[in-house]
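Take a look at the structure below.
We use all heavy atoms of the structure for the numbers below, so side chains are in, but hydrogens, waters and symmetry mates are not.
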Amino acid sequence: MEQTERNQMNEKRKRKTIAFAVWGGMLIAVILLVTTIWVSESARKGTGQAVSRVSEFYLEELAGRRALVVSEELKNLFGYMENAISVLEETDLESSESLCGFLGKIRTLYGVDKFALVDENGIVYTKHSITSGLSRYNFLSEELTGPVVSTANLYGARKQVALAMPVEGITFQGVRMKVCLIQLNIDEMLSSLTLQTGDNETYCNLYYQNGESLTGDDFGYLSAGKNVLAELADAEMEKGYTIEKVEEDFANGRAGQISFRYMGTQEDLCYVPVEGTNWMMTILIRDNIISEQISSIS
């Protein structure tokens with residue numbers, strides 16, 4: 001009898017041990033599952049945050065460098081103007097023919113559409129003409145105190161840029177010359193610069209502060225050559241971003257970044273002002289480029 005009772009007790013203890021083992025194993029499995037889900041979700045959020053930070057840094061750095069390249073090219077053009085003025089001689093100012101001949105030589109030397117001197121009455125002297133420029137160049141109606149960059153034919157096929165700077169000590173036929181002027185096609189000005197990045201997922205473009213494109217280059221799914229602000233108005237902005245903020249930044253020449261969805265694609269856009277101009281350098285990158293790289297590392 002005692003042996004039987006002892007066997008029954010052992011059997012009960014064994015069943016309890018097995019039950020504890022089963023429930024313990026299930027508890028450990030649940031803990032492992034919850035932990036795995038938590039780690040996975042944390043990694044996903046971490047990847048998303050890393051994508052956002054890397055994308056922000058990359059775009060800001062790329063846009064800033066491209067804007068610097070354009071501003072340096074403009075400085076070079078102003079340097080050409082200073083060099084030309086420095087070699088102007090008295091013999092070049094003896095007559096209209098000699099002055100226009102000098103301006104023509106400089107125009108050919110620098111490969112620009114127009115190289116001109118403007119007198120205090122607003123008369124523009126070029127290789128082929130001597131005419132009033134007050135209606136074509138609004139900055140001539142004011143006294144220039146420093147270099148000016150202006151766009152011409154902004155809504156036409158051949159968008160042009162006019163660079164003007166004040167000059168002193170030059171008199172022609174008793175009238176003071178006050179401005180030196182260069183005008184050239186924007187595409188020609190940018191021909192020696194590499195605005196595009198060489199891949200199909202990162203795009204670079206120049207826009208005027210009202211959103212009008214200064215080039216005919218592609219810009220992601222946004223229409224080439226179109227007003228970028230009008231195009232972005234049709235995009236689905238991510239939380240925290242608005243088209244009104246972008247328009248305000250453009251109008252005031254402020255740098256910024258946005259994230260949006262356009263034609264089913266997630267994209268990030270960075271814009272920075274180009275020093276000394278009313279232009280905005282913009283860089284666009286499709287979100288999957290950076291996220292795929294970081295996800296592969298994760």
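Under the 3.5 Å distance criterion, the side-chain polar atoms of Asp113 are matched with a main-chain donor or acceptor of Asn185. No donor-acceptor pair closer than 3.5 Å links the side chain of Thr171 to the backbone N or O of Gly174.
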| message | Between Thr215 and Asn205, is the side chain to side chain donor-acceptor pair (under 3.5 Å) condition met? List the steps. | response | CA-CA 7 Å; Thr215 75; Asn205 215 336; 2.4 Å; yes

| field | Derivation and outcome, side-chain contact (heavy atoms from CB on, under 4.5 Å), residues Tyr125 and Met177 | value | CA-CA 10 Å; Tyr125 294 79; Met177 292 290 181; 3.6 Å; yes

| message | What verdict does the side-chain contact (heavy atoms from CB on, under 4.5 Å) test give for Met165 and Cys180, after you've listed the backbone C-alpha separation in whole Å, the side-chain angles of each residue and the deciding distance to 0.1 Å? | response | CA-CA 5 Å; Met165 60 181 293; Cys180 182; 4.2 Å; yes

| Between Val161 and Val149, is a side-chain contact (heavy atoms from CB on, under 4.5 Å) present by the stated rule, with each step listed? | CA-CA 7 Å; Val161 56; Val149 178; 3.7 Å; yes

| query | Checking side-chain contact (heavy atoms from CB on, under 4.5 Å) for the pair Thr282/Leu206: CA distance, chi angles, key distance, verdict? | reply | CA-CA 6 Å; Thr282 56; Leu206 270 175; over 6 Å; no

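Remark: Asn227 CG to Asn210 CG distance equals 6.0 Å, nearest 0.5 Å. Here the straight-line distance linking atom CD1 of Ile285 with atom CD1 of Ile283 works out to 9.5 Å at 0.5 Å rounding. Atom CZ of Arg254 is separated from atom CD of Gln209 by 10.5 Å, given to the nearest 0.5 angstrom. Once rounded to the nearest 0.5 Å, the distance linking CG of Leu163 with NZ of Lys75 reads 13.0 Å. How far CD of Glu94 is from CG of Leu99: 11.5 Å, rounded to the nearest 0.5 Å. Note that CD of Glu267 is 9.5 Å distant from CZ of Arg261, once rounded to the nearest 0.5 Å.
Side-chain contact between Glu60 and Gln257 is present, with at least one heavy-atom pair separated by less than 4.5 Å. Looking only at side-chain heavy atoms (C-beta outward), Phe260 and Met237 come within less than 4.5 Å of each other. Looking at heavy atoms from C-beta onward, Arg66 lies in side-chain contact with Cys204 at the 4.5 angstrom threshold. Residues Ile130 and Ser96 meet the side-chain proximity criterion, which asks for heavy atoms closer than 4.5 Å. Side-chain contact between Tyr208 and Phe250 is absent, with no heavy atoms from C-beta onward closer than 4.5 Å.
Looking at every heavy atom in both residues, Asp187 comes nearest to Leu214 through OD1-O, 4.4 Å. The heavy-atom pair separating Pro166 from Pro147 by the smallest distance is CD-N, 4.3 Å. Nearest heavy-atom pair across Ala235 and Tyr262 is CB-CD1, 3.7 Å.
Classification of Lys178 and Glu120 as a salt-bridged pair fails, no side-chain N sitting under 4.0 Å from a carboxylate O.
Hydrophobic clustering of Ile, Leu, Val, Met, Phe, Trp and Tyr side chains at less than 4.5 Å, counting indirect connections, unites Met263 with Ile258. Following chains of ILVMFWY side-chain contacts shorter than 4.5 Å, one can reach Met189 starting from Leu109, so the two form part of one hydrophobic cluster.
More than 12 heavy atoms of other shown residues, nucleotides or ligands fall within 6.0 angstrom of atom CD in Gln173. Residue-environment remark: NZ (Lys105) stays at or below the threshold of 12 foreign heavy atoms within 6.0 Å.
Side chain to side chain, Ser259 and Gln266 meet the donor-acceptor criterion of an N or O pair below 3.5 Å.
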List the atom pairs, with distances to 0.1 Å, where a side-chain N or O of residues 270-281 and a protein N or O form a donor-acceptor pair under 3.5 Å, not counting sequence neighbours.
{"from": "Tyr271", "atom 1": "OH", "to": "Asp249", "atom 2": "OD2", "distance (Å)": "2.6"}
{"from": "Thr277", "atom 1": "OG1", "to": "Val274", "atom 2": "O", "distance (Å)": "2.8"}
{"from": "Thr277", "atom 1": "OG1", "to": "Trp279", "atom 2": "N", "distance (Å)": "3.0"}

Report all side-chain donor-acceptor pairs from residues 76-91 shorter than 3.5 Å, counting only partners two or more places apart or in another chain.
{"from": "Asn76", "atom 1": "ND2", "to": "Glu72", "atom 2": "O", "distance (Å)": "3.4"}
{"from": "Asn83", "atom 1": "ND2", "to": "Gly79", "atom 2": "O", "distance (Å)": "3.3"}
{"from": "Ser86", "atom 1": "OG", "to": "Asn83", "atom 2": "O", "distance (Å)": "2.5"}

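Checked against side-chain hydrogen bond (donor to acceptor under 3.5 Å, both in side chains), Ser95 has the following partners two or more places apart in sequence or in another chain: Glu97, Ser98. Residues satisfying the side-chain hydrogen bond (donor to acceptor under 3.5 Å, both in side chains) test with Arg136, not counting sequence neighbours, are Thr131. Evaluation of the side-chain hydrogen bond (donor to acceptor under 3.5 Å, both in side chains) rule for Ser129 yields Thr126 as partners, not counting sequence neighbours.
Other members of the hydrophobic cluster containing Leu140, listed by chain and number, are Val118, Val124, Leu134, Tyr137, Phe139, Leu144, Val148, Val179, Leu181; membership follows side-chain contacts under 4.5 Å among ILVMFWY residues, whether direct or relayed.
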